[in-house]
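Here the structure comes first, spelled out in structure tokens, and everything after it is commentary.
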Amino acid sequence: MKIPPVKGTRDFYPPDMAVRNGIIDGWKRASIRNGFEEYDGPIFEHLQMYQIKSGDEIVEQLFSLEDRGGRALAIRPEITPTLARMVNQRINSLSRPIKWFSVPRLCRAERPQKGRLREFFQWNIDIIGVDDVLADAEVIFTTVDYLREAGLTAGDIRVKMSSRRLLAAVLRSIGIAEAELDSLYVLLDKKGRLPAETFKELLAERVSDVGTASRIEAFMEASSVSGVRQAIGAAWNDEVAEAINELSQVERLLKEEMGVGEYCQFDPCIVRGLAYYTGVVFEVHDIVGELRAICGGGRYDNLLGDFGGGAIPATGMGMGDCVLEILLAEKGLLDRQISGGGLDYFIVFVPGLKFDGPGDVASTSRGQAVRLTARLRGLGRSADFSYKAAGVGKQLKQASERNARECIIIGDELRRGKLVVKDMSTGEQRLVGMEEFLSQLKP
RNA sequence: GUGAAAGUAGCUCAGUCGGACAGAGCACUGGAUUGUGGUUCCAGGGGUCGCGGGUUCGAAUCCCGUCUUUCACCCCA
């Protein structure tokens, strides 16, 4: 019986694994050099944990299960609730700021499509306990720092940012009731994905007053932070001014202090679907705009409180591997994510060759090859040999396929204690004494 | 969960007005007088034509169902 792979999952054959590891290693390097520490949690949690901040719709997109004690559990669809739980549990003993990162494997029971699968990896970075917008800027900088290292330039991607606080202030100032804000966010978040006409119609359905609706549209079309004042006109007030000021600071930090201004751009259409964002929000998109967002994040000052903790400010980012990989592939950048691989040494023996030197037990060329391989491995080098007693030419071919940097040939020279060491990229060979060769290698 | 398109070898595909043992390239395995690789040449293995049912003398080909993939919608933590 042939059993197919599960819908929306991937098999990682060695070449795929090399790509996956390359991407994840890049995420980890960027995290560490930006001062984040790694954490992780269990792959399943109480189902209830995902119901706190999410509606039924989202709970339906969970892989849930019941344990033998009848507990309702779910495979994690995100790691932020786990993070909130872990931080809350030890909030009194953790030194601030808490700068943590994780690369969890997540599952969501959504219908798979381009850039979205049912099982994936997601890089998460969070800074907890810092109110200052410097933390928001640092989250964005770390994100760009990674993307830049991966080979993406300001010509490939754009960080689009806005602020929930600004949006809320603007909407309130033009007369939107507090209770309507959340549902309006969901609509505004779709602006970029809907045809202009459709968006206009949907907005009119929700906001009956024509003047109010057109003011919202004017705001959504502002192309710079400073342009917001003009766009909203008389709706300007202190609350709006403060939010504007905050966002300007983030822009200035990214541009002047952190030097990544060319990647960043204000975009009032960035809202984020989730209700829990409270301040700066951002997404990274490909410039062409063909793919869904590469990553998204923002400030969520109330979330830890919602999970039973105190009022602790927090800001963070999540980046999945699926869209990123598509973009890197399109830009021809996948190969450069892969580091190393290949063998340090491939040991070639001469079939049928026997040694009976004094002081050494009688052995074959093949036996000596196994012995040398074991010693090299003991010294921390990657080394391998052929299982087949094929000719030297065949073995060298195998060595090429294995991407070996050097080949060592165990031949007649060994009678004089010598090895042939061949550089596989240049083809050059040298004759070296075996003990001399080994003593040069440090463990 | 809704709608549309596709499914032939590991991969990319050809083959279909229904007709003989189902094809190519790449990849893989083996070989080209047993001590020198990446090239080339030769040979070989590998497919219940996604699966199930129906129409027919006969189905990879036509019809229905189903699964999977892709795309769009819902949603996007």
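Chain naming here is simple, since letters A, B, ... match the order of the sequence lines and numbering starts at 1 in each.
Across the P atoms, B:U70 and B:U8 are found 14 Å apart, a figure rounded to whole Å. For B:C17 and B:A72, the C1' atoms lie 34 Å apart once the distance is rounded to whole Å. Using C1' as the reference atom, B:G15 and B:G53 are 25 Å apart when rounded to the nearest Å. Going from the P atom of B:G25 to that of B:G45 covers 15 Å, rounded to whole Å. If you take atom C1' in B:G30 and the same atom in B:G46, they sit 15 Å apart, rounded to whole Å. Remark: the separation of the P atoms in B:A9 and B:G50 is 8 Å, to the nearest Å. The separation of B:A60 from B:U16, taken at their P atoms, amounts to 14 Å, rounded to a whole angstrom. For B:A59 and B:G1, the P atoms lie 34 Å apart once the distance is rounded to whole Å.
Near RNA chain B, defined here as any heavy-atom distance below 4.0 Å, the residues from residues 113-127 of chain A are A:Gln113, A:Lys114, A:Arg116, listed numerically.
Side-chain proximity of A:Lys388 to the nucleotides B:G30, B:A72, B:C75 is greatest for B:G30.
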Pairs under 3.5 angstrom only: tabulate donor-acceptor contacts from the side chains of residues 313-321 of chain A to other protein residues two or more places apart or in another chain.
residue	atom	partner	partner atom	Å
A:Thr315	OG1	A:Asp136	OD1	2.8
A:Thr315	OG1	A:Gly298	O	3.3
A:Asp321	OD1	A:Arg10	NH2	3.4
A:Asp321	OD1	A:Phe121	N	3.0
A:Asp321	OD2	A:Arg10	NH1	3.1
A:Asp321	OD2	A:Arg10	NH2	2.9

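Using a 4.0 Å cut-off between charged side-chain N and carboxylate O, A:Arg33 and A:Glu149 make a salt bridge. A:Glu246 has a carboxylate O that lies under 4.0 Å from a charged side-chain N of A:Arg165, or vice versa, which qualifies the two as a salt bridge. Ion pairing of A:Arg71 with A:Glu66 is absent here, as no side-chain N (NZ or NE/NH1/NH2) approaches a carboxylate O to less than 4.0 Å. Remark: A:Glu45 engages A:Arg85 in a salt bridge, criterion side-chain N to carboxylate O under 4.0 Å. Looking at A:Glu38 and A:Lys28, a side-chain N of the basic residue comes within less than 4.0 Å of a carboxylate O on the acidic one, giving a salt bridge.
Cation-pi contact between A:Arg272 and A:Tyr185: absent, since separation from the ring centre below 6.0 Å together with deviation from the ring axis within 45° is not met.
Spacing between atom CD of A:Gln61 and atom C1' of B:C76 amounts to 8 Å, rounded to whole angstrom units. Taking atom OH of residue A:Tyr185 and atom P of nucleotide B:C76, one finds them 15 Å apart after rounding to whole Å. Here the C1' atom of nucleotide B:C76 and the CD atom of A:Glu78 are 11 Å apart, to the nearest Å. Look at CZ on A:Phe12: it is 18 Å from C1' on B:G10, rounded to the nearest Å. The distance from atom CD of A:Glu401 to atom C1' of B:A27 is 11 Å, rounded to the nearest whole Å. Rounded to whole Å, the distance from CD on A:Glu283 to C1' on B:C76 is 10 Å. Distance, A:Lys7 NZ to B:C51 P: 19 Å, rounded to whole Å. With rounding to whole Å, A:Glu110 atom CD is found 15 Å from B:U2 atom C1'.
Using N1 to N3 plus N6-O4 or O6-N4 for Watson-Crick, or N1-O2 and O6-N3 for G-U wobble, each under 3.5 Å, B:U69 pairs with B:A5. Under the Watson-Crick or G-U wobble criterion, with both distances below 3.5 Å, B:A24 is paired with B:U12. Base pairing analysis places B:G30 opposite B:C42; the two distances defining the Watson-Crick or G-U wobble pair are each below 3.5 Å. With a 3.5 Å ceiling on both atom-pair distances, the Watson-Crick or G-U wobble partner of B:C57 is B:G19.
You won't find any donor-acceptor pair under 3.5 Å spanning the side chain of A:Arg108 and the base of B:C76, going by distance alone. The base of B:U69 has none of its N or O atoms less than 3.5 Å from a complementary donor or acceptor on the side chain of A:Arg111.
Along RNA chain B, the nucleotide nearest to A:Tyr276 and the one nearest to A:Thr9 differ in position, and the one closer to the 5' end is contacted by A:Thr9.
Counting only residues at least two apart or in different chains, ring-ring contact (aromatic ring centres under 6.0 Å, His included) contacts with residues 292-313 of chain A comprise A:Tyr276-A:Tyr300.
Using a 4.0 Å heavy-atom cutoff across all strands shown, A:Arg272 reaches sugar-phosphate atoms only and no base atom. Within 4.0 Å of A:Gly8, counting heavy atoms only, lie sugar-phosphate atoms of the nucleic acid but no base atom.
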Starting from the C-alpha separation in whole Å, work towards a yes-or-no answer on ring-ring contact (aromatic ring centres under 6.0 Å, His included) for A:Phe141 and A:Tyr263. CA-CA 10 Å; A:Phe141 174 79; A:Tyr263 280 91; 9.9 Å; no
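Applying the ring-ring contact (aromatic ring centres under 6.0 Å, His included) test to A:Phe385 and every residue at least two apart in sequence or in another chain returns A:Tyr387. In this view, A:Val288 and A:Asp286, A:Glu290 satisfy the side chain to side chain contact (heavy atoms under 4.5 Å, CB included) rule, not counting sequence neighbours.
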Across nucleotides 33-47 of chain B, 5' to 3', mark each nucleotide with B, S or - according to how protein heavy atoms within less than 4.0 Å reach it. --BBBB---------
